[in-house]
Amino acid sequence: MAERSKLERLSVLVLRNRREGLLKLLPPGEIREILRGSLTERFLTCGKPGCRCARGERHGPVWYLSVSLDQSHRTGTTVPADQLEQVRRGIESYHRLSEHLEQISDINRELLRRAKGPRRARKKMRK
């Protein structure tokens, strides 16, 4: 809500210029590597009675990329150690892109509100 009040104070020209500036911050190369999800480090036990993990020395770390598909469904995959940095960069790119898209959406909503014209006061209805 605070962001909206800041945008209300800006002129249409400034809003459009800000939107164009945000669009320029979305380089195609960064979008190409984008990854949505969470990266977690896991230590596993295999269940073999004679294994070191049965004594508390679990296997790992194993890196896992987890993605929420909707409220009740998730998917994920293990991440090889040699791809760990690439996955981290992809997740960071997703967060940056998401933030910029949210700001662009806020600007577009403010421009739409202004294009509708001034708000008229509602008449009170009698019961």
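All values derive from a computational prediction rather than experimental measurement.
Separation of atoms CD1 (Ile107) and CZ (Arg18) is listed at 6.0 Å; rounding is to 0.5 Å. Atom CG of Leu10 is separated from atom NZ of Lys6 by 10.5 Å, given to the nearest 0.5 angstrom. Between Ser93 atom OG and Leu97 atom CG the span is 8.0 Å, to the nearest 0.5 Å. For the atom pair OG (Ser105) and CG (Leu112), the distance works out to 10.5 Å, reported to the nearest 0.5 Å. Distance check: Arg19 CZ to His100 NE2 gives 15.5 Å after rounding to the nearest 0.5 Å. If you take CG on Leu65 and CZ on Arg36, they are separated by 9.5 Å, rounding to the nearest 0.5 Å.
Shown here for Leu111 and Arg16, the closest heavy-atom pair between the two residues is CD1-CG, 4.1 Å. Here the shortest heavy-atom pairing between Arg88 and Leu39 reads CG-CD2, 3.6 Å.
Under a 3.5 Å cut-off, the side chain of His73 and the backbone N or O of Leu69 do not form any donor-acceptor pair. Panel note: side chain Arg58, backbone Arg52; no donor-acceptor pair is recorded below 3.5 Å. No donor-acceptor pair under 3.5 Å is formed between the side chain of Arg89 and the backbone N or O of Leu84.
In terms of hydrophobic clustering, with Ile, Leu, Val, Met, Phe, Trp and Tyr side chains grouped at heavy-atom distances under 4.5 Å, Leu7 and Leu22 are assigned to a common cluster. In terms of hydrophobic clustering, with Ile, Leu, Val, Met, Phe, Trp and Tyr side chains grouped at heavy-atom distances under 4.5 Å, Ile91 and Val67 are assigned to a common cluster. Cluster annotation: Trp63 is connected to Val87 through the hydrophobic network of ILVMFWY side chains, with a link wherever side-chain heavy atoms come within less than 4.5 Å.
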- Task: Would you please test Leu35 and Tyr94 for side chain to side chain contact (heavy atoms under 4.5 Å, CB included) and show each step?
- Result: CA-CA 6 Å; Leu35 260 176; Tyr94 175 81; 5.6 Å; no

- Task: Give the intermediate values and the outcome of salt bridge (charged side-chain N to carboxylate O under 4.0 Å, His left out) for residues Lys24 and Glu20.
- Result: CA-CA 6 Å; Lys24 288 177 184 177; Glu20 292 306 311; over 6 Å; no

- Message: Could you walk me through whether Arg42 and Thr78 satisfy the side chain to side chain contact (heavy atoms under 4.5 Å, CB included) test, starting with their C-alpha distance in whole Å, then the side-chain angles of each, then the deciding distance to 0.1 Å, before giving a yes or no?
- Response: CA-CA 10 Å; Arg42 290 183 164 181; Thr78 56; over 6 Å; no

- Task: Kindly determine whether Glu99 and Arg96 satisfy salt bridge (charged side-chain N to carboxylate O under 4.0 Å, His left out), including the steps that lead there.
- Result: CA-CA 5 Å; Glu99 185 178 309; Arg96 272 194 306 277; over 6 Å; no

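When the side-chain contact (heavy atoms from CB on, under 4.5 Å) test is applied to Lys48, the partners found at least two apart in sequence or on another chain are Cys46, Cys51.
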